[in-house]
Amino acid sequence: MIVMKFGGTSVGSASQIHKVSQIVFGHLSRHPLVVVSAFSGVTNHLLELINLTTQKKKISLAELIQRHKNVLRELKLPDTLLDEESEEVAALFQGISLLQECSPKTKDRILAFGERASCKIVASYLNTVLPKSTLAIFSYDLGLRTTAHFGQALPLKESDSIIQNSVSHHKDKLIVTTGFIAKDLEGNITTLGRGGSDYSASLMGAALHAEEIQIWTDVNGIMTADPRLVPHAHSIREMSFEEASELAYYGAKVIHPATMLPAISKNIPVRILNTNEPSYPGTIVYKEKQKMEGTIKAIAHRSGLTIVNITSTRMLDQHGFLAKIFEIFARHRVSVDMVSTSEVSVSITVQEGQDLEPVLSELKVFSELSVEKGHAVVSVVGEGLREDPTIAAKVFTLLREAHIPIRMISLGASKINLSFIVDATQTSQAVTALHSVINVSGSSF
Ligand code: ASP
Ligand code: MG
């Protein structure tokens with residue numbers, strides 16, 4: 001069997017859902033399990049409505065419900081299909097409006113509306129047009145269990161056997177399920193973090209020992225760089241699990257960073273495909289192959305980074321100094337990206353948007369601080385870095401030739417990722433300069 005996951009843009013309208021039905025039809029012989037996200041924009045819309053409600057503003061769910069009803073009408077499905085979900089979400093909004101607050105637990109229940117609605121609509125439509133009877137079964141009813149960390153729940157291992165069991169009960173049916181949502185052990189709805197439907201698909205795939213996990217999206221796979229910065233960036237035909245994980249983390253927004261983990265554990269290839277161009281081969285991600293060595297696959301980037309420089313002569317010959325610093329960041333839940341140290345100073349990067357003030361005021365007590373906003377991380381990713389020491393030298397030469405000063409450097413522990421921090425205003429220049437070395441056919445130097 002295979003898992004086919006369709007993202008928000010692939011299911012955002014009646015015409016997209018029609019495309020999905022044709023794609024699924026083409027794969028019926030491979031016994032797919034279909035996983036869907038909420039319609040594009042619906043999760044954001046729900047979050048916005050939650051925010052407004054807790055700020056005592058009057059909101060209306062009419063637009064949200066109407067959008068789904070329009071799709072039902074266009075697909076000639078019963079108008080009442082989402083009555084249960086619509087009533088539930090209305091009641092939840094009434095609750096948070098009375099309380100003027102929304103707990104993370106309630107927020108997850110509200111967000112689940114998007115995935116549940118999409119799952120029911122897609123399943124009903126497939127049931128009418130495909131020659132196989134189709135069922136909507138929410139992921140938690142299939143057995144996906146998580147911790148109770150609402151908003152960022154972690155999957156529990158015991159899910160696997162429950163999922164296997166539930167799917168085996170419906171062998172002759174096509175199942176459409178929800179991405180993103182699950183339940184904790186007490187039966188509360190949880191979510192896996194934004195963009196988590198890819199992760200759900202891969203968890204399902206691993207639980208069911210799928211032959212392949214397909215992520216259907218609106219681009220032709222993972223690109224060699226952000227095409228907005230590098231117009232001649234192209235999609236990458238094949239890459240290793242490690243490369244794809246690094247790229248997902250360092251800025252390529254095509255897949256959720258955790259997606260590869262379950263796939264790696266069962267060695268299941270992940271294919272990234274385009275719903276709007278289904279015959280395009282896309283990107284296939286699988287276990288590292290000999291032939292991939294010596295290549296650089298992509299240049300990723302992420303901006304909005306702040307550098308915190310911490311200098312203290314007390315660091316000289318001290319043990320436990322770094323531990324002390326990290327403890328402060330951890331206690332204030334500020335996550336750290338890159339670290340570089342010398343004998344008396346430490347530079348740390350953090351993603352903007354986190355509350356740094358309490359961290360800084362504690363660090364100030366025993367060190368001198370400087371904070372530099374407006375930086376970006378640029379990463380060169382490829383198995384080639386592990387094998388060929390001349391690649392790093394070439395990378396630095398290119399940056400020097402482009403007159404781009406480097407503020408910090410890190411060679412990832414996996415050795416397939418060389419990252420540097422540059423001034424954010426030079427991100428585009430840096431990505432473009434480095435991209436020039438990815439050759440179009442084989443993505444190699
Ligand atoms: N609908 C969820 C989100 O927008 C999950 C997903 O699309 O992957 O984050
Ligand atoms: Mg996504």
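No experiment lies behind these values; they were computed from the predicted model shown. Whatever order the structure lists ligands and atoms in, that order sets their numbers, starting from 1. Numbers here simply count residues along the sequence, with the first being 1.
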Inset, instruction - Could you label the plane-to-plane angle of the His27 and Trp216 rings as parallel, tilted or perpendicular, counting under 30° as parallel and over 60° as perpendicular? - result: perpendicular
Inset, instruction - Anything under 30° is parallel, anything over 60° is perpendicular, the rest tilted; go ahead and classify Phe113 against His68. - result: perpendicular
Legend entry - Near ligand 1, at a heavy-atom separation below 4.0 Å: residues by chain and residue number: Ser37, Ala38, Thr43, Glu115, Phe180, Arg194, Gly195, Gly196, Ser197
Is the closest basic N to carboxylate O distance between [X] and [Y] below 4.0 Å?
X	Y	answer
Glu327	Arg331	yes
Lys157	Asp160	yes
Lys69	Asp79	yes
Glu212	Arg271	yes

